[in-house]
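Structure, as structure tokens:
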Amino acid sequence: MKKCDFAPALWALASISVSGCANAQQTPITNIAPLPETNAAAKAPARSAPSAKELEEKWRALPTEPRARALAIAALPAGERPPVPPAPFVETVWRAGQNGTLKIEGPLANYNGPITVADFSGKTVWSGTVARGAKSLSIPVSRQGFYNLKAGAKTLSFAVVPAPKPSAQQMAGRSLWGLNTHFAQRDHPDEAYTLLRTIDVDAVRDEMGWNPLERTKGVYIFPERHMRYTAKLKSYGIPLWFSASYGNDLYPQLARYPAAEAAQPYANYVRHVLQTHGDNIIGVEILNEPNKIDPVKDYLPVLKATWETVRAAGFKQPIVSVGGAGPVGGGMIPGFATKLFEAGGAAYNDGFSLHPYHTPFPPDTGYAGGTAHLDAALNRAGNLVEKYDLKGTWLTEIGWPGVEPGYVPTKEDMESPRGARPMVSERKQAAFVARTLLMASKYSHLKGLYIYDFQDDGPLRERREHRFGLVRQDLQPKPSLQSFVVSADFLKDKTFESRVFANNSLLSANFYRAKNGDLWAAVWSLEATRKQLGDAQRGVGTIPDRHMEIENTLRFRSVGATARSGYDWQGAPLAASQLATATSLPRYINFGPAAADATLQLVK
């Protein structure tokens with residue numbers, strides 16, 4: 001496949017042209033190492049990374065006691081941690097209408113006896129028996145939903161997701177809904193890529209660090225892990241949003257970011273990544289959260305050099321600035337984007353990225369007295385797009401770490417700098433992820449959104465950075481994976497029409513028009529209004545729980561339209577009585593070809 005052959009269909013969704021991208025291969029570039037087929041012949045200093053044998057010896061020396069082992073593994077660099085075998089399913093996620101297969105191995109080795117499967121509410125939906133000596137067992141559960149399987153003392157989760165909508169049914173120019181991955185940091189089994197393909201993710205965001213790529217000036221040798229993961233993404237048909245994240249020890253740096261003097265070498269690195277992998281890269285993000293460098297003195301030279309170098313080489317992928325720094329994402333450094341654009345930086349990018357984290361609070365209400373929420377961030381971002389005539393914005397990180405079921409944080413866990421204080425229940429994680437996509441779908445300037453992140457990053461249940469994943473380390477899905485897939489699937493063939501209810505309502509709803517003309521609503525309830533949240537943070541009144549675990553099940557009525565059918569956050573059909581109620585987990589309601597002035601009213 002020549003450079004950018006695959007891209008036009010995907011770029012049509014993102015409303016960005018790739019015309020001229022094929023010319024990228026025709027531009028000669030000096031001082032560039034051979035491409036992958038001759039990569040091994042290039043000369044560079046020996047890698048300091050341990051060999052496979054050294055890693056095996058290190059893993060054998062790990063403690064066997066579970067808690068001590070988890071702490072020891074967490075202390076290892078990400079790339080040196082032992083692999084976590086996938087849960088004992090052929091696949092932990094399969095599509096509606098299909099059956100799953102349980103493998104009697106690993107944690108279920110030698111098991112024989114009863115198996116039960118329960119849905120999210122705890123209702124048993126299937127039961128069976130593993131015969132003595134059996135190697136596998138078919139799981140005939142084919143209806144969309146999130147499920148728990150119990151085999152003796154073991155409980156495992158799996159999910160049944162909607163089958164993908166054909167591209168002809170999807171809306172042209174829609175936002176892309178993706179996930180952050182850490183494939184560059186450590187190897188992952190094929191099952192991880194299969195899962196991403198099964199859920200029909202639009203793209204993933206990952207990196208190929210400059211430091212391990214260029215260990216001798218001007219010589220580029222991709223680490224084998226990078227070559228493996230990029231090849232797998234391409235073979236599974238999963239596009240890559242490339243985060244060109246940090247600096248290189250061979251060149252001047254500021255707080256691990258390239259200094260202005262390293263601008264051209266950094267630009268050359270980005271160009272080389274595009275020359276090698278550009279046919280599967282759909283965008284380039286210049287640095288990740290460069291919060292400790294000056295947006296004009298330090299960042300602008302890097303952005304300018306990269307824009308000019310990449311464009312001169314013929315690549316047309318969006319060049320996206322800011323890297324999530326600045327107040328548009330909820331407040332890192334005041335004015336990063338504005339200072340950059342006022343200094344002329346708007347001429348050297350297609351748009352910018354934001355990272356509007358709100359954990360542990362909902363995206364609807366956010367934090368800081370209820371003024372820093374997702375709508376506020378995206379409204380500010382839209383104002384900058386209009387003011388500086390940019391092509392759009394990309395929300396490249398947002399997420400919530402989920403508390404593992406059964407884990408009750410200790411006082412020490414809560415007070416630890418890397419501990420559990422910002423964590424939420426996995427139910428709330430599922431609700432907030434789905435609501436994030438629905439809220440973001442209102443904004444036409446938003447070209448892509450990437451939830452952080454795909455998979456738990458470590459073994460410690462009390463460490464928040466280990467619990468952002470939508471799947472566990474062994475690829476068992478969490479409820480948030482199901483809510484992400486269902487909300488993304490819902491949005492792919494619809495356009496946003498209107499939002500219902502004021503900011504301080506406990507009920508929220510978006511109306512959409514499907515490609516077939518039907519009117520749909522996504523409806524959910526809030527845990528607390530922005531006013532209640534603000535009052536609580538100012539000491540006026542209280543919210544029962546900081547993580548806002550209270551549930552508001554609200555009743556509403558439709559005006560100007562009649563609900564015909566619907567499904568819940570996990571894709572399960574709604575009963576007639578549920579078509580007029582909302583919970584914190586969104587529901588999706590179809591009104592048929594109703595008039596555009598239809599609305600909903602809260603029933604008190």
Side-chain angles (χ1 to χ4, degrees), residues 14-17 173-178 205 241-244 257 282-308 310-311 316-358 363-364 366-368 370-398 436-437 439-450 452 496 499 503:
S15 300
I16 303 288
S17 170
R174 67 172 178 84
S175 295
L176 302 182
W177 310 112
R205 176 179 180 259
W241 180 268
F242 171 43
S243 173
Y257 298 100
I282 60 169
V284 180
E285 193 171 356
I286 307 304
L287 303 183
N288 181 62
E289 297 179 359
N291 307 318
K292 296 182 179 179
I293 63 176
D294 186 271
V296 178
K297 180 171 65 73
D298 305 317
Y299 185 84
L300 179 54
V302 174
L303 176 65
K304 181 176 183 292
T306 306
W307 171 273
E308 292 175 343
V310 167
R311 290 293 180 256
K316 300 299 182 183
Q317 287 92 334
I319 302 295
V320 175
S321 69
V322 177
V328 292
M332 290 181 182
I333 320 175
F336 191 103
T338 301
K339 291 175 183 176
L340 174 68
F341 298 152
E342 284 294 325
Y348 305 109
N349 65 185
D350 292 293
F352 62 96
S353 61
L354 54 157
H355 294 177
Y357 285 102
H358 303 114
D364 321 71
Y367 56 84
T371 60
H373 45 78
L374 185 58
D375 278 326
L378 289 173
N379 277 318
R380 288 194 296 268
N383 291 338
L384 289 176
V385 168
E386 183 175 358
K387 180 176 181 179
Y388 295 102
D389 194 27
L390 305 174
K391 291 182 179 178
T393 60
W394 285 259
L395 197 164
T396 55
E397 284 188 31
I398 186 171
T436 293
L437 268 63
M439 292 175 66
S441 68
K442 169 184 175 181
Y443 297 92
S444 60
H445 63 79
L446 184 69
K447 304 304 178 184
L449 184 151
Y450 296 82
Y452 189 90
F496 175 87
R499 181 168 292 177
N503 287 344

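Please read all numbers here as calculations on a predicted model, not as lab measurements. Note that the numbering runs from 1 along the sequence shown for the chain.
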Pairwise side-chain contact, I293 with V302, heavy-atom cut-off 4.5 Å (strictly under): no
Partner set under side-chain contact (heavy atoms from CB on, under 4.5 Å) for A343, not counting sequence neighbours: V296, L300
Selection residues 293-306 - residue pairs positive for side-chain hydrogen bond (donor to acceptor under 3.5 Å, both in side chains), sequence neighbours left out: K304-E308
Partner set under side chain to side chain donor-acceptor pair (under 3.5 Å) for Y257, not counting sequence neighbours: none
Heavy-atom pair of closest approach, residues P356 and L374: CG-CD1, 3.9 Å
Straight-line distance of E285 CD to I319 CD1, nearest 0.5 Å: 11.0 Å
Separation between CZ of R174 and NZ of K447, rounded to the nearest 0.5 Å: 12.5 Å
Minimum-distance pair of heavy atoms, taken over all atoms of T393 and V385: CG2-CG2, 3.4 Å
Heavy-atom side-chain proximity of W307 to S321 below 4.5 angstrom: no
Set of residues satisfying side chain to side chain donor-acceptor pair (under 3.5 Å) with respect to S441, sequence neighbours excluded: Y512
Ionic contact status for R499 with D364, cut-off 4.0 Å: no
Pairwise distance OG(S353) to CG(N288) - rounded to 0.5 angstrom: 8.0 Å
Side chain to side chain, I398 and L354, heavy atoms closer than 4.5 Å: no
side-chain contact (heavy atoms from CB on, under 4.5 Å) involving N379 - partner list, sequence neighbours excluded: D375, Y443
Distance (rounded to the nearest 0.5 Å) between T396 OG1 and L449 CG: 9.0 Å
Step-by-step side-chain contact (heavy atoms from CB on, under 4.5 Å) determination, I282 to L176: CA-CA 11 Å; I282 60 169; L176 302 182; 3.9 Å; yes
Between CZ on residue R205 and CD on residue E397, distance to nearest 0.5 Å: 4.5 Å
Validation row: L340, L303 side chains within 4.5 angstrom (heavy atoms): yes
Flag, side chain of H373 to backbone of H358, donor-acceptor distance under 3.5 Å: no
Side chain to side chain donor-acceptor pair (under 3.5 Å) partners of Y348, counting only residues at least two apart: none
Closest heavy-atom pair and its distance - N291, A325: OD1-CB, 3.1 Å
Flag side-chain contact, heavy atom, 4.5 Å: D350 against Q317: no
Heavy-atom pair of closest approach, residues P318 and R311: CA-NH2, 4.2 Å
Value rounded to 0.5 Å, distance of OH in Y388 from CZ in F352: 10.0 Å
